[in-house]
Structure formats: C-alpha cells, structure tokens
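Working notes, beginning with the structure itself.
Order of listing sets the numbers, starting from 1, for every ligand and every atom in it. Values reported hereafter were calculated over all heavy atoms of this structure, with side chains retained and with hydrogens, waters and symmetry mates removed.
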Amino acid sequence: MTVRAILITVIGLLAGAVAALIFVSRPQLPSTGQQSTSTGQALIGGPFSLTSTAGETVTEKTYLGRPMLVYFGFTHCPDICPSGLQIIAAAIDSLGANASKFTPLFITLDPERDTGPKLAEYLKSFHSRIVGLTGSPEAIAAATKAYRVYAKKVVSETTAGDYTVDHSGFMYLMDARGKFVTHFPHNVGAETLAAALTTATADF
Ligand code: NI
C-alpha cells in the first residue's frame, strides 16, 4: 500500500465510524404517541440523475424494486477500486442465479476521463453484471454528496496534466426501496458480502 492508499483507508474508516456513530446515536423518541420520522437510514443515499454506459439517463428510480450495491471509484484507480470490484465480482458469482435479484452499481468519481464507453470497457474485465454510471461533474458531485462519499482530485506533481482522485471506498447496500441498509469496506471478504446479498435478496 502506498502512503496515500493508507491515508485513504484511514479516512474511510473514520468516515465509516462517524457514519456508524451517527446511525447508532440517533435518539430514540420516547413513546408518547408521537410518530417518529427519523429512522437514521436517510443519511446515506438519495436521488441521483446519472448516465449509463449506453448513454441513457438513469435515476435512483431506475433501480427500485430490488436491492442495490453502490460502489464509487474511477478506472484509473491503482488499487482500492480494482480490489473492491474483484470482491463484488466474486460475490456475484457465488450468488449464482440469485445475482439477478440485485443491481451492483459502480459510479465514477472521475467523469472527466470515465466516459460511458471507457467505463463499460473497464467493468467488463471484472463482471458483466456490474453497471457503470457516469455523468456531468455536477451530477457526480450530487451523487457523491448523497452517499457521503469523500472524493478529491489531486493533481500529479510529476506528470503535467495527470491527476488522481483520493476517495473513500465503501460499498453501500440499499434495499429495494432505495433505503440504506449497511455498508462494507472495499476489502470486505467476498463471502461476507455474498452472505449479506443473499439475505438482502431472499424475499425476491
Ligand atoms: Ni479507487
């Protein structure tokens, strides 16, 4: 791991801890008959309007009706994204026919370079079922914000015009109504992920 990769992992873990803390520490309203609207699950996820690798506009509504596994990254990522995508691919394979009961999404954090065709070509090497989404920088920024993903463009100090994107690397499991269920680190075990996906898709 590079220093940067370690830093990203630490930032990611901290972000996860904060998210978990917020989730756990949501005050339980006393049962005074008052209806609570706070579930703690609205913190991660939300509306997005992005572009499929085929150039079609898609929104969160496109994928309603079955669980989603949402993962953000970019095709130039040296290690975190590929390892996470390999784990997602392994989990898809271990689900067999049930893999069609959820949608694995890979949303780019680098819309400047990750065009639809580029993204499609990249994802093909991991698994044909992984759906790549790109969009305008504004649309990607909105999706990133909705999922509380940390992402920052870092210009190369050695190669003119080159840059990388520092980012957190969580996978977000959303239910069939688009509500947050749980998240996994990018290096979650494929068996752990497959088990969670099996549970999530059991009712379908
Ligand atoms: Ni990455």
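- Minimum interatomic distance between F106 and L85 (heavy atoms only, all atoms of both residues): CD1-CD2, 3.7 Å.
- Considering all non-hydrogen atoms of both residues, L197 and A91 come closest at CD1-CB, 4.2 Å.
- The number of protein N/O/S atoms found under 2.8 Å from the Ni ion (ligand 1) is 3.
- Under a cutoff of 6.0 Å and an axis angle of 45°, K101 and F204 do not form a cation-pi pair.
- Applying the salt bridge (charged side-chain N to carboxylate O under 4.0 Å, His left out) test to every pair with at least one member in residues 115-135, sequence neighbours left out, gives these pairs: E121-K124.
- Remark: R113 engages D110, D162 in a salt bridge (charged side-chain N to carboxylate O under 4.0 Å, His left out) (not counting sequence neighbours).
- Applying the salt bridge (charged side-chain N to carboxylate O under 4.0 Å, His left out) test to residues at least two apart or on different chains, none of the pairs has a partner in residues 191-204.
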